[in-house]
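The analysis underlying the following values was restricted to heavy atoms, covering all of them including side chains, and did not include hydrogens, waters or symmetry mates.
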Amino acid sequence: MAFQGKKLINDPNDVVTEYIEGLVETYPGLQYLDGFPEVKIVLRADISSASYDKVAVICGGGSGHEPAHSGFVGDGMLTAAVCGDVFASPPVDSILSGIRAVTGSKGCLLIVTNYTGDRLNFGLATEQAKSEGYNIETVIVGDDCALPPQRGLPGRRGLAGTILVNKVAGAAAAAGLSLADVAAEAKHASELVGTMGVALSVCTRPGQVTSDRLGPGKMELGLGIHGEPGAAVVDLQPVDAVLSHILKQILSKETNYVPISSGNRVVLMVNGLGSTPIMELMIAAGKAVTKLQLEHGLAVERVYTGSFMTSLDMAGFSVSIMRADQAILQRLDAQTMAPCWPIGVSGKLAPTKIPVPVPAHTTKSDEALTRPKELSVEGHILEAAIEAAAKAVIDLKDTLNELDGKVGDGDCGSTMFRGATTILEDMRSYYPLNDAAETINEIGASVRRVMGGTSGIIYDIFCKAAYANLKESSQPVTSQKWPDALEASIAAVSKYGGARAGYRTLLDALIPASAVLQERLNAGDDPCTAFLLSSEAALSGADSTQHMQAQAGRSTYVSVDILASVPDPGAMAAAAWYRAAALAVESKYKGL
């Protein structure tokens, strides 16, 4: 079902002019022509047509693809960018204003994306400018590889490969080449690049409803950057499969869209379409490099990853591949002041990047970190407790994530799951289970290795404090020592984390458990019974957190009304593993 799109804007009719105002305020090297709202042109602030002694390079088209093309205005790239309304080609008079504003004695190159409106408007502006005495050349860019070769007029659409063409042309112009030579390099570059994209959503134009053309679990291959339908709607697939299809399509010998074959040098651009996280773009970039090298036999010389030509808020990415000789690489590496061109990419890409080894730091001998061939009675009990506690956390993964999604960042269950599964794996490999103190220390090491964020460091501190307490005596660890170790762990977490009872944290499960454990032991209960009763206190303490106002962690930013219906996920996790361990110990003792 379609619904009104959410936008942080004012009047939908003013989005382009207000964008340009913000752009030039952000980047001192940019300026705009005083012709709003009809004339929407971003240009270099340091030049004028009267004094400019190099070829001017202008690109443009409908807005909504930012940073293209206005974000690529700057010395060494575009001299000006002509902005139309959202997804609408700029009018002839606006294009003419841009030509007049920046074109000096060496002439002007217009780089035009292959859309009918852009070709017509830029074409007519070219003829009018020539009649006024300007020296103008035009290069049309059509790098789309998603659709079969067409016999009709439209041809291949201009996509993110245009940005690479802009860079080549801008660098050539900055080097002082003639208009004919700049145009020739741009045309050559446009013939070497192919692009195809995939979208997870359709974009939403300002002031309009969001289309529901793509249903849940679906993705569209070859979607146009104006939201027009692509080549196919398919089921959502892993990025590896998506990339395999895209690269095969771009490099297809049947369509022969780009003259690239095994052994060639290429550059790769992974372009976000508007709302794709950098994390996902980098995943795609890394996988694409590997596939290009291993599956297609290409030498990847440069990788550009980011958002270069978007489609408003569309989720997805496009991949552009350009064949690159040394001359192309020199143009791409040339310095530019264009604010949205990626820095730090120039320079030869190593054929294989070998990760830097983690610095070695050994605190225990290999012999000490070996699982005993035979477990003592205490070792068997400790193993059962650890296994039960870890499995309880594993079983709670989805529940904890759901709770954390309401009061935090939604990853408590996943984080605890990583820790629990690692503990089980490490315990089977090398935990010295006959030495309780060393085992607790190794649990902390396991947790530290895989659990990020606050939970990981808190549990590491928890284990380190217990280890230190248990190691104070050279005597074997007995059941009477565990309550003191728990108390020391709680004190350490409170000291370094700042939490106290009632702060709505895991301590609200562990503090009452510790109190009941000490109380029942002092009353003469056997350790197993005391442990079991204290686990009930842990469960009650965790449940009581839904009535507490958070004073630590991300929950402090959540309203009281929401917190009132949700217990703290960290406390629920602590109560779960504590209770499971108590039940396992009771079961083991009964079996002795």
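- In terms of modelled atom types and a separation under 3.5 Å, the side chain of Lys287 and the main chain of Ser244 share no donor-acceptor contact.
- Within a 6.0 Å sphere centred on CD of Glu295, heavy atoms belonging to other residues, nucleotides or ligands number more than 12.
- The minimum heavy-atom distance linking Gly194 with Cys145 is given by the pair CA-SG, 3.6 Å.
- Here the two rings, on Phe531 and Trp482, have centers that are 6.0 Å apart or farther.
- Side-chain contact check for Leu243 versus Phe317: some heavy-atom pair is nearer than 4.5 Å.
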*Apply side-chain hydrogen bond (donor to acceptor under 3.5 Å, both in side chains) to Asp526 and Thr529, showing your working.*
CA-CA 6 Å; Asp526 67 88; Thr529 301; 2.7 Å; yes

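- Nearest heavy-atom pair across Asn469 and Lys481 is OD1-O, 4.2 Å.
- By the 4.5 Å heavy-atom criterion applied to side chains, Met572 and Leu396 are not counted as neighbours.
- The closest side-chain heavy-atom distance from Glu378 to Asn434 is not below 4.5 Å.
- Side-chain atoms of Tyr578 and Ser534 form a donor-acceptor pair, as typed in the model, at a separation below 3.5 Å.
- The number of heavy-atom neighbours closer than 6.0 Å to CG of Leu294, taken from other residues, nucleotides and ligands shown, is above 12.
- Atom CG of Leu247 sits about 9.0 Å away from atom CG of Leu298, to the nearest 0.5 Å.
- Without hydrogens or angle criteria, Asp460 side chain to Gly456 main chain gives no donor-acceptor distance under 3.5 Å.
- To the nearest 0.5 Å, atoms CD1 (Ile458) and OG1 (Thr505) are separated by 7.0 Å.
- Side-chain atoms of Ser446 and Ile443, non-hydrogen and from C-beta on, never get closer than 4.5 Å to each other.
- The line from CZ of Arg448 to CD1 of Ile457 is 8.0 Å long, rounded to the nearest 0.5 Å.
- For the pair Leu312 and Pro206, the tightest heavy-atom approach, listed with the atom from each and the gap, is CD1-CD, 4.1 Å.
- Taken from NZ in Lys218 to CG in Asp235, the straight-line distance is 3.5 Å, to the nearest 0.5 Å.
- The closest donor-acceptor contact from the side chain of Asp568 to the backbone of Ala571 lies under 3.5 Å.
- A side-chain donor-acceptor contact under 3.5 Å links Arg500 and Ser494.
- Between the side chain of Ser429 and the main chain of Glu425, a donor-acceptor pair closer than 3.5 Å is present.
- Contact detail for Ser320 and Gly161: the closest heavy-atom pair is OG-N, 3.5 Å.
- Once rounded to the nearest 0.5 Å, the distance linking NE2 of His245 with CD of Gln237 reads 8.5 Å.
- Shown here is Lys391, whose NZ atom has no more than 12 heavy atoms of other residues, nucleotides or ligands within 6.0 Å.
- Between atom CG of residue Leu470 and atom OG of residue Ser489 there is a gap of 8.0 Å, rounded to the nearest 0.5 Å.
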*asked:* Under the criterion side-chain contact (heavy atoms from CB on, under 4.5 Å), I'd like the reasoning laid out for Phe462 against Leu506: C-alpha separation, chi angles, the key distance, then a yes or no.
replied: CA-CA 11 Å; Phe462 183 91; Leu506 82 166; 5.7 Å; no

Taking distance alone, no hydrogens or angles, what donor-acceptor pairs closer than 3.5 Å link side-chain atoms of residues 264-273 to residues at least two apart or in another chain?
| from | atom 1 | to | atom 2 | distance (Å) |
| --- | --- | --- | --- | --- |
| Asn264 | OD1 | Ser261 | N | 2.8 |
| Arg265 | NE | Glu301 | OE2 | 3.1 |
| Arg265 | NH2 | Gln326 | OE1 | 3.1 |
| Asn271 | OD1 | Phe308 | N | 2.7 |
| Asn271 | OD1 | Met309 | N | 2.9 |
| Asn271 | ND2 | Met309 | O | 2.8 |
| Asn271 | ND2 | Ser318 | OG | 3.1 |

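- You'll find the side chain of Val345 stays beyond 4.5 Å of the side chain of Asp333, heavy atoms only.
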_I'd like to know whether Lys397 forms a side-chain contact (heavy atoms from CB on, under 4.5 Å) with Val393, so could you lay out the CA-CA distance, the side-chain angles of the two residues, the decisive distance to 0.1 Å, and finally the verdict._
CA-CA 7 Å; Lys397 175 186 174 183; Val393 170; over 6 Å; no

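- Glu442 has its side chain out of reach of Met427: every pair of non-hydrogen atoms, C-beta onward, lies at least 4.5 Å apart.
- For Leu251 against Leu292, the heavy-atom pair with the smallest separation is CD1-CD2, 4.0 Å.
- Within the 4.5 Å cutoff, the side chain of Glu280 has no heavy atoms near those of the Val239 side chain.
- Counting only distance, with no hydrogens or angles, the side chain of Ser514 and the backbone of Ile511 share no donor-acceptor pair below 3.5 Å.
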*asked:* Applying side-chain contact (heavy atoms from CB on, under 4.5 Å) to Arg418 and Val447, what does each step give before you reach the verdict?
replied: CA-CA 8 Å; Arg418 285 197 302 273; Val447 164; over 6 Å; no

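- A donor-acceptor pair is defined here as one N or O able to donate and one able to accept, closer than 3.5 Å; such a pair exists between the side chain of Thr439 and the backbone of Asp435.
- Residues forming a side-chain contact (heavy atoms from CB on, under 4.5 Å) with Asp395 (at least two apart in sequence, or on another chain): none.
- Of the possible polar contacts, one joining the Thr290 side chain to the Gly286 backbone as a donor-acceptor pair under 3.5 Å is found.
- By the 4.5 Å heavy-atom criterion applied to side chains, Ser275 and Met314 are not counted as neighbours.
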*asked:* Is there a side-chain contact (heavy atoms from CB on, under 4.5 Å) between Ile386 and Leu433? Walk through the geometry before answering.
replied: CA-CA 10 Å; Ile386 294 171; Leu433 291 165; 4.1 Å; yes

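- Looking at Arg520, its side chain never comes within 3.5 Å of a backbone N or O of Asp525 through a donor-acceptor pair.
- Closest of all the heavy-atom pairs between Ile394 and Ala420 is CG1-CB, 3.7 Å.
- Side chain of His65 to main chain of Ser311: no donor-acceptor pair is present (N/O by atom type, distance under 3.5 Å, no hydrogens or angles).
- Under a 3.5 Å cut-off, the side chain of Asp404 and the backbone N or O of Leu400 do not form any donor-acceptor pair.
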